[in-house]
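One structure is given below, encoded as structure tokens.
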Amino acid sequence: MDSFLKDKLAQRIQNNSLRVLKNSNPLLIDFSSNDYLGFARNADLKAKIDEELKKYPDYLLGATGSRLLSGNLAYAEDLENEIAKTHHAEAGLIFNSGYDANVGLLSSVAQRNDTLICDELLHASLIDGARLSNANRYVFKHNDLNSLSEKLKNAKGNIFIVTESVFSMDGDIAPLKEISALAEKFKAHLIVDEAHALGVIGYDGLGFLQQLGLEKEVFARIHTFGKALGCHGAIILGSEVLRSYLINFARSFIYTTALPFHSLATIKTTYQSLKNGFNIQKLQSNISFFNSIKNNFSDKFIESESAIQSLIITGNEKCKSFSDNLLSNGFDVKAILSPTVAEGKERLRICLHAFNTKNEIEQLLNTIKKLR
Ligand SMILES: Cc1ncc(COP(=O)(O)O)c(C=O)c1O
């Protein structure tokens with residue numbers, strides 16, 4: 001077995017795609033984390049979370065069990081109701097992570113003889129959830145309505161269209177209005193992952209579906225708390241029936257220890273902080289600034305209105321050495337290599353934040369231009 005493992009790793013080394021763990025370096029300028037609003041490092045927010053925790057001096061350090069056994073709290077259910085209300089949903093169910101939410105949702109709702117129709121650039125968690133279901137699976141070309149229509153014509157059983165509002169690697173946005181119209185035409189159920197839209201897009205950063213007024217048209221939405229909210233966990237929003245169904249059939253919900261109280265208190269407090277839109281405005285201003293100047297520095301940027309801005313640098317070796325060079329110039333920008341993205345689509349993934357200054361953005365783009 002050892003030699004099999006070593007051979008597989010040797011292949012990764014040969015392809016320049018070996019994954020290794022590195023410590024994050026606080027001295028670098030952060031253009032890589034998902035902490036878009038800077039919540040994870042916000043001292044005021046930390047103080048508010050401490051205040052919230054102090055209200056419950058007897059809270060346990062761990063949940064002590066799954067939600068269905070010893071790990072449920074009225075606090076968790078109140079929080080689910082509050083978040084559901086904020087997003088104009090009937091109900092919500094919190095999962096330990098976005099990965100768990102997506103795997104639990106897709107693997108449980110779609111049955112044999114049903115059809116899942118997935119955008120080709122879906123996040124791994126959605127792909128894994130689809131793979132775990134017994135349903136037929138079709139992939140449509142990224143954001144391509146004709147390709148989606150073709151797949152819909154051949155779909156059987158209950159049909160689910162699965163997409164993201166902001167794509168995690170390209171940063172571009174799905175044509176949700178048109179996709180929703182197709183879903184209605186073909187009586188399909190729409191599932192939208194808003195992981196990278198929460199805190200970034202919409203009024204008070206409440207997501208792309210909210211901005212488009214489509215919240216009620218969607219069968220299930222996933223909001224994750226590990227990106228712009230700077231903490232941990234996720235919620236699936238939908239009907240009361242969907243919530244009960246997930247409690248009964250989503251294995252990634254049922255068979256795991258629930259989030260600890262301090263995580264719930266953190267989620268509650270960060271959601272309240274979204275309503276103070278100051279950081280969202282700063283982030284949106286940085287996105288506009290970046291977009292207004294990026295083409296002066298390279299024509300290889302993928303079109304994006306979100307905090308994720310990707311610059312294609314083909315080839316693992318070239319892309320990796322580019323990000324190493326940026327690192328030695330003080331910028332934390334990650335290279336995203338194949339097989340995480342398709343071969344030929346390797347890229348530098350630049351994440352913009354509310355706390356980045358315009359000067360830092362200009363310096364980064366200047367350095368990229370110089371290095372190219
Ligand atoms: C689109 C999308 N969905 C889900 C997830 C998973 O969320 P989490 O990190 O909370 O497991 C990610 C994380 O990278 C993501 O980008």
Side-chain angles (χ1 to χ4, degrees), residues 19 21 24 32-37 39-40 79-80 83 87 92-107 116 118-132 139 142-143 160-174 176 179 190-202 205 207-209 218 220-237 246 250-253 256-260 263-264 266-267 270-271 302 304-310 334-337 339-341 347 349-353:
R19 293 173 169 131
L21 296 174
S24 69
S32 133
S33 79
N34 292 323
D35 186 22
Y36 304 126
L37 296 174
F39 277 10
L79 178 59
E80 286 169 338
I83 298 175
H87 289 285
L93 187 67
I94 290 178
F95 283 68
N96 290 2
S97 70
Y99 187 91
D100 284 355
N102 285 341
V103 165
L105 175 67
L106 295 197
S107 63
L116 285 162
C118 303
D119 188 287
E120 66 180 331
L121 294 190
L122 285 187
H123 186 262
S125 53
L126 292 161
I127 295 173
D128 290 359
R131 280 184 183 154
L132 279 172
V139 172
H142 179 50
N143 281 346
F160 300 90
I161 301 171
V162 189
T163 190
E164 294 171 25
S165 47
V166 172
F167 280 83
S168 61
M169 288 299 147
D170 285 28
D172 59 345
I173 284 167
L176 287 180
I179 291 177
L190 185 53
I191 295 177
V192 181
D193 181 334
E194 293 242 63
H196 296 278
L198 182 66
V200 180
I201 292 178
F208 194 32
L209 289 163
V218 174
R221 305 173 241 166
I222 304 96
H223 285 288
T224 67
F225 311 137
K227 319 292 179 206
L229 291 197
C231 48
H232 203 94
I235 192 164
I236 296 179
L237 299 170
L246 293 171
R251 294 167 69 85
S252 59
F253 174 84
T256 189
T257 303
L259 284 179
S263 269
L264 299 173
T266 304
I267 295 163
T270 52
Y271 247 96
I302 296 175
S304 160
E305 295 299 320
S306 76
I308 302 165
Q309 301 280 341
S310 286
K334 292 292 181 294
I336 309 291
L337 308 176
T340 299
V341 289
R347 78 268 319 263
R349 181 172 180 265
I350 298 165
C351 293
L352 300 172
H353 306 97

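Indexing begins at 1, ligand by ligand and atom by atom, following the structure's order. Everything quoted here is computed from the prediction, not taken from an experiment.
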Does the plane of the ring in His142 sit parallel, tilted or perpendicular to the ring in Phe167? Use 30° and 60° as the thresholds.
perpendicular
With a 4.5 Å cut-off on side-chain heavy atoms, are Leu264 and Ile94 touching?
yes
In Å and rounded to the nearest 0.5 Å, what is the CG to OG distance from Asp170 to Ser304?
9.0 Å
Using heavy atoms and a strict 4.0 Å limit, residues surrounding ligand 1 turn out to be Ser97, Gly98, Tyr99, Asn102, His123, Ser125, Glu164, Ser168, Asp193, Ala195, His196, Thr224, Lys227
Is there side-chain contact between Thr224 and Leu198, with heavy atoms separated by less than 4.5 Å?
no
Contact summary for Ser125 and Val103, nearest pair of heavy atoms
O-CG2, 3.6 Å
Among Thr256, Asp100, Leu259, find the residue that satisfies the side-chain contact (heavy atoms from CB on, under 4.5 Å) test when tested with Phe95.
Asp100
